[in-house]
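Just so it is clear, the values below take in all heavy atoms, side chains as well, and ignore hydrogens, waters and symmetry mates. Note that the coordinates shown come from a computational prediction; the quantities given were computed from them, not determined experimentally.
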Protein chains: 2
Amino acid sequence: MIHGTQEVLGLLAGRWSVDVLYLLASGTRRYSQIFYEVGEISKKTLTQTLRTLETKGLVTRRVFPEVPPRVEYSLTTRGWSLSSLLMAMYEWSAEDGSTRRTGHLRVAA
Amino acid sequence: MIHGTQEVLGLLAGRWSVDVLYLLASGTRRYSQIFYEVGEISKKTLTQTLRTLETKGLVTRRVFPEVPPRVEYSLTTRGWSLSSLLMAMYEWSAEDGSTRRTGHLRVAA
DNA sequence: CTGTATCCAGTAGGATACTG
DNA sequence: CAGTATCCTACTGGATACAG
């Protein structure tokens, strides 16, 4: 179990993986779009992050042989699958937040 | 959503956090027990990991004023709550493994 | 037994400049 | 536009020795 869990965390390793994954979960993006939308990242790190995510089978890289070059990134099926886990983490943190404030779960009225 | 997700990943940051969490999920342990059961960790890093988990509210540290000293670590409620998320990650990785081999989910006969 | 103190190496990631 | 190349800093964690 430890191993499987670490495997998931390994997929999400790196400062920017989650940001990129969330961004691509809202649609295919070109390199420069990601670069600007994701925020403070350097090009070196962005390229590195994208390549790593590609190697892990989470992201697809599609090159269009044009001038100037165009490269589009999108989630693979596996990437989409993993994004549901990202949502689960977000939901846990939200629930954790209200639980820690109120001492119990807030139930809809 | 990114923020909440990163918060969860922050709780699990560090090479040994998940190992310690899983270990404590199987019961309270003394310092030296964790040290030996977790494997290759150094004492410095173990102490650091435990203190960090304590600060994050995932682990409780209980000191018994004896000679020689005894210190017991266990999960807090929040730690238990988070461990269900660890299980979700494990289950995703297991499902991911069979899906990637077979191309579809394996269903019980 | 349960740590601290000190030193050190490996790695992630930023800054900047350059390329096809 | 979509990267590479180079240099550099900060942080994580291991090794070892020492302490209460």
Show, in sequence, the C-alpha distance, side-chain angles and deciding distance for Thr60(B) and Glu72(B), and conclude whether the side chain to side chain contact (heavy atoms under 4.5 Å, CB included) test is met.
CA-CA 8 Å; Thr60(B) 300; Glu72(B) 290 184 353; over 6 Å; no

Step-by-step side chain to side chain donor-acceptor pair (under 3.5 Å) determination, Ser81(B) to Trp92(A)
CA-CA 9 Å; Ser81(B) 169; Trp92(A) 183 90; 2.8 Å; yes

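Between the side chains of Ser32(A) and Arg29(A), no donor N or O sits under 3.5 Å from an acceptor N or O. No donor-acceptor contact under 3.5 angstrom links the side chains of Tyr22(A) and Ser83(A), judged on distance only.
Residue Lys43(B) places its side chain closer to dA17(D) than to any other of dA17(D), dG14(D), dA2(D).
One interatomic measurement links the two molecules: CZ of Arg70(A) to P of dC1(D), which rounds to 13 Å at whole-angstrom precision. Between the NZ atom of Lys44(A) and the P atom of dC8(D) there is a distance of 13 Å, rounded to whole Å. Straight-line distance from the CZ atom of Arg62(A) to the P atom of dA2(D): 14 Å, rounded to whole Å. Rounding to whole angstrom units, CD of residue Glu72(A) and P of dG3(D) are separated by 12 Å. Atom CD of Glu37(A) and atom P of dA2(D) are 13 Å apart (whole Å). A straight line from CD1 of Ile41(B) to P of dG13(D) spans 9 Å, rounded to a whole angstrom. Nucleotide dG3(D) holds its P atom 8 Å from the CG atom of Leu50(A), rounded to whole Å. Taking atom CZ of Phe64(B) as the reference point, atom C1' of dG20(D) lies 19 Å away to the nearest angstrom.
Contact check, Arg61(A) against dG3(D): a side-chain N or O comes under 4.0 Å of OP1 or OP2. Distances shown here put a side-chain N or O of Arg51(A) below 4.0 Å from the OP1 or OP2 atom of dT4(D). At the phosphate of dG13(D), neither OP1 nor OP2 sits under 4.0 Å from any side-chain N or O atom of Thr45(B).
Of all the heavy atoms in Ile41(B) and Phe35(B), the pair that sits closest is O-CE1, 3.4 Å.
Taking the side chain as every heavy atom from C-beta outward, Val8(B) and Tyr90(A) never approach each other to under 4.5 Å.
A donor-acceptor pair is defined here as one N or O able to donate and one able to accept, closer than 3.5 Å; such a pair exists between the side chain of Ser17(A) and the backbone of Ala13(A).
Boundaries of the chain B contact region on DNA chain C are dC1(C) to dC7(C), first to last in 5' to 3' order (nucleotide atom under 4.0 Å from a heavy atom).
Using a 4.0 Å heavy-atom criterion, one finds that Tyr73(A) contacts the sugar-phosphate atoms exclusively.
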